[in-house]
Protein chains: 2
Amino acid sequence: MSEPEPPASPVTNGSPAAEIGSLPLGSPIGIVEVAAASGFSPATVSRALRGLPGVSASTRVAVEKAAATLGYFPSPSASALITGRTNTFGIVAPWVSRWFFSAVIDGAQEVFGAAGYDLLLYPVATPSDPRGGYVINSRAIGKRVDGLLALNVPLMDSSLHSLQTLHIPVVTVGTAVQGLSGVLVDNEQVGRAATRHLLALGHRRIAFFGDDDGSHTDGFTVATDRARGFELEMRDAGLEPDPQLFQVSGFSIDGGEAALHRVFSQPGVAPPTAIFAVSDEVAMGAIYAARSRGLSVPGDLSIIGVDGHDLSYLFDLSTVAQPVKDQGRIAARLLLEQVTGPGPRPPSVVSVGTELIRRGTTGPLGVAR
Amino acid sequence: MSEPEPPASPVTNGSPAAEIGSLPLGSPIGIVEVAAASGFSPATVSRALRGLPGVSASTRVAVEKAAATLGYFPSPSASALITGRTNTFGIVAPWVSRWFFSAVIDGAQEVFGAAGYDLLLYPVATPSDPRGGYVINSRAIGKRVDGLLALNVPLMDSSLHSLQTLHIPVVTVGTAVQGLSGVLVDNEQVGRAATRHLLALGHRRIAFFGDDDGSHTDGFTVATDRARGFELEMRDAGLEPDPQLFQVSGFSIDGGEAALHRVFSQPGVAPPTAIFAVSDEVAMGAIYAARSRGLSVPGDLSIIGVDGHDLSYLFDLSTVAQPVKDQGRIAARLLLEQVTGPGPRPPSVVSVGTELIRRGTTGPLGVAR
DNA sequence: ATGAAAGCGCTAACAT
DNA sequence: ATGTTAGCGCTTTCAT
């Protein structure tokens with residue numbers, strides 16, 4: 001976008017060379033060829049093509065014309081080698097194929113693409129990794145990208161520090177990391193909002209499906225924050241959450257299914273009348289499992305999720321929606337600012353709002369339909 | 001994976017330098033530093049670190065030790081500049097956040113990552129683009145990546161040819177392109193299988209929800225191939241498909257919804273008893289719309305999709321499943337072969353199998369439950 | 001088995 | 001406003 005884009009180069013091929021412009025597509029075209037064709041020096045060509053000042057208008061036009069004719073495109077490797085900038089951002093994420101992550105990537109790519117940046121995708125180990133954190137090779141990363149977007153990745157201290165020392169800007173999405181810019185939702189408020197909704201419907205026996213086994217004390221606090229909001233809201237209502245109604249589900253559909261079966265199979269434990277699921281995918285699994293047990297949703301059981309998943313309306317799922325694609329856009333802009341801006345700026349944390357969407361999977365207590 | 005990974009570099013920082021190894025993380029460490037620390041020349045370090053022959057075992061160990069101690073990582077830009085290889089593959093896709101694409105990317109990333117390649121994500125205009133095709137700047141791409149994966153992207157002839165002339169291997173997924181390697185499903189058979197299933201259940205009035213408006217005559221033939229399979233199977237059964245039951249839906253949920261409402265609102269046209277949707281997402285939209293009209297699925301209407309979407313079982317959706325993640329893996333391997341292999345090899349097209357999954361959204365004709 | 005030297009394609013000083 | 005020169009950090013002949 002920001003770079004001059006040569007056309008699909010309708011090079012006069014095959015026929016005898018009329019002039020320098022008719023090089024076959026296969027032959028390498030460097031800045032010296034453009035210089036020769038335009039009659040200027042490589043330095044001037046470089047300046048002209050990058051829109052730098054100190055080039056006369058006529059020269060710029062001539063250079064651009066020559067470059068377009070030859071189908072010239074500067075070598076990213078060469079310019080990265082000398083400028084130290086790669087025009088590429090990296091994005092590290094535990095999954096690409098989960099809705100939340102792909103939606104964030106989508107939003108980020110939109111902004112990066114418009115700014116002329118490429119996007120490099122780095123996989124990282126899943127959070128179920130026993131190490132409980134993520135180590136990235138900062139020197140490797142640093143030489144490939146101008147900045148990094150970390151999606152729900154609780155980078156371990158060492159990775160963080162080395163990244164900072166190398167002056168690679170990092171912006172997080174979904175997790176707050178001390179000293180880094182980030183885009184976040186207030187997950188405690190999310191937990192409170194969902195719980196408040198269920199309480200208002202008359203529910204008292206509410207289960208939490210999430211991932212609060214405490215193994216993620218390193219920064220990946222999404223689930224625990226939501227759980228805390230749940231507990232606080234319950235206590236504010238004068239209720240003490242039943243520990244037996246906390247179920248570890250991870251963030252997956254399978255996890256939601258399994259959790260539901262578990263919570264309805266505890267001998268001597270009264271089942272819940274409502275479930276607050278840590279994500280829409282967990283909620284979907286729970287709905288599926290509930291129906292497979294012959295339970296009516298919301299007649300016998302109300303279920304609410306979190307995310308505003310693209311497909312949530314198909315399940316008529318009540319949810320606390322967050323602007324996921326926007327988070328990608330915002331994070332991308334934060335990263336661009338850090339790279340484009342003059343000096344290193346203090347980390348800024350952007351908190352995005354959420355919205356309770358009341359749909360059909362939550363209903364008043366005791367109103368079997 | 002294939003590269004020596006320096007540890008998180010527990011560099012003795014802050015304290016007075018005991019030796020060369022204790023450089024602060026911030027200072028640049030190049031091959032000359034490693035050479036100095038190990039007592040060999042840069043050339044030998046380069047050879048040792050890349051596992052090239054002609055280096056004694058003891059030297060190799062010494063060099064590796066020095067590199068690890070210093071936390072050295074070679075500059076990709078510098079080596080790309082000289083070797084012409086970037087150790088990066090590109091993947092062009094119209095969407096990242098649609099299930100099919102993210103699943104393919106997932107599979108490809110798995111293979112690329114294990115082979116030590118990075119993955120660059122390129123967005124392209126959506127297929128609804130009036131141009132009906134995609135133009136990519138081959139010179140720009142060529143200097144950034146060693147190969148390209150094109151997902152359901154009917155690249156226009158010019159893009160293709162320039163890519164080939166530049167010797168950039170391209171592998172397609174989902175669409176066959178003359179002269180290129182690719183991974184495909186036999187979409188005509190997919191259409192036949194779905195239709196056969198519905199016919200076997202007694203349905204005769206079957207609608208096709210897809211995208212056969214004929215605008216994609218440039219290679220994006222997924223929908224038309226499935227439509228053709230549908231027609232052929234119908235004719236084989238002695239039935240002539242009703243043109244009024246062909247509905248353009250694209251590949252989206254919204255499209256499926258809209259198509260269903262349309263097909264049930266045509267004055268004087270008998271509605272279908274079954275729908276063959278070109279994708280699971282279209283089928284999901286159709287199910288949702290059908291239920292919102294008070295229709296029972298499959299009591300009043302059977303619906304089958306295509307894909308084997310991760311969430312399809314939640315809808316109890318019958319579908320012709322394709323191994324999506326595997327297609328990403330296979331395509332990635334094809335690309336690796338082309339890059340790693342000796343000479344240019346002839347394009348190979350891999351056809352992957354599909355599987356009819358009978359679930360609850362399809363049922364026998366006239367058995368309202 | 002190892003080293004010295006040249007250079008990949010570009011950009012950034014420093015001329016002019 | 002434009003050209004000349006040097007060099008980014010590696011890899012690769014070509015010597016030794």
Side-chain angles (χ1 to χ4, degrees), chain A residues 3-4 6 23 27-64 66-67 70-88 139-140 142-144 146 166, chain B residues 3-4 6 23 27-64 66-67 70-88 139-140 142-144 146 166:
Chain A
E3 323 201 37
L23 294 164
S27 74
I29 291 175
I31 200 169
V32 298
E33 280 73 31
V34 179
S38 62
F40 293 94
S41 74
T44 300
V45 170
S46 176
R47 286 186 280 249
L49 257 24
R50 286 180 302 151
L52 260 43
V55 179
S56 77
S58 63
T59 303
R60 178 157 289 144
V61 170
V63 167
E64 277 165 356
L70 296 178
Y72 167 73
F73 196 88
S75 156
S77 304
S79 60
L81 183 56
I82 187 162
T83 63
R85 299 175 71 267
T86 60
N87 259 269
T88 304
R139 285 199 194 275
K143 291 184 175 173
R144 272 213 173 292
D146 296 340
L166 290 172
Chain B
E3 324 201 36
L23 294 164
S27 72
I29 292 177
I31 200 169
V32 298
E33 280 72 33
V34 179
S38 62
F40 293 95
S41 74
T44 300
V45 170
S46 175
R47 285 186 280 248
L49 257 24
R50 287 180 302 151
L52 261 43
V55 179
S56 77
S58 63
T59 303
R60 178 157 289 143
V61 170
V63 167
E64 277 166 354
L70 295 177
Y72 167 74
F73 196 88
S75 155
S77 304
S79 59
L81 183 56
I82 188 162
T83 63
R85 298 175 73 268
T86 60
N87 259 271
T88 303
R139 284 199 195 275
K143 291 185 175 173
R144 272 213 174 293
D146 296 340
L166 290 172

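All chains are named by letter (A, B, ...) in the order of the sequence lines, taking the proteins before the strands, and each is independently numbered beginning at 1.
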Which pairs, with at least one residue in residues 34-44 of chain A and sequence neighbours excluded, count as a side chain to side chain donor-acceptor pair (under 3.5 Å)? A/Ser41-A/Thr44
Sugar-phosphate means primed atoms, P, OP1 and OP2; the rest is base. With that split, encode nucleotides 6-16 of chain C 5' to 3' as B, S or - using protein heavy atoms under 4.0 Å. -BBBSBBB---
Hey, could you give me the CD1/CG distance between B/Ile29 and B/Leu70, rounded to the nearest 0.5 Å? 5.0 Å
Are A/Thr44 and D/dA1 close enough that a side-chain N or O sits under 4.0 Å from OP1 or OP2? no
Side-chain heavy-atom pair B/Arg144, B/Thr86 within 4.5 angstrom cut-off: no
Sequence neighbours left out, what passes side-chain hydrogen bond (donor to acceptor under 3.5 Å, both in side chains) with B/Thr59? Give chain and number order. B/Ser56
How close or far is atom P of C/dA1 from atom CZ of B/Arg60, stated in whole angstroms? 10 Å
Please find the pair of heavy atoms, one from B/Val55 and one from B/Arg47, that lie closest to each other, and give the distance. CG2-CB, 3.7 Å
Side chain of A/Thr59: nearest nucleotide among D/dG3, D/dA1, C/dT2? D/dA1
Testing the basics here: between B/Ser75 and A/Lys143, what is the closest heavy-atom pair and its distance to 0.1 Å? CA-CD, 3.9 Å
B/Leu49 CG to D/dG9 P: how many Å, rounded? 17 Å
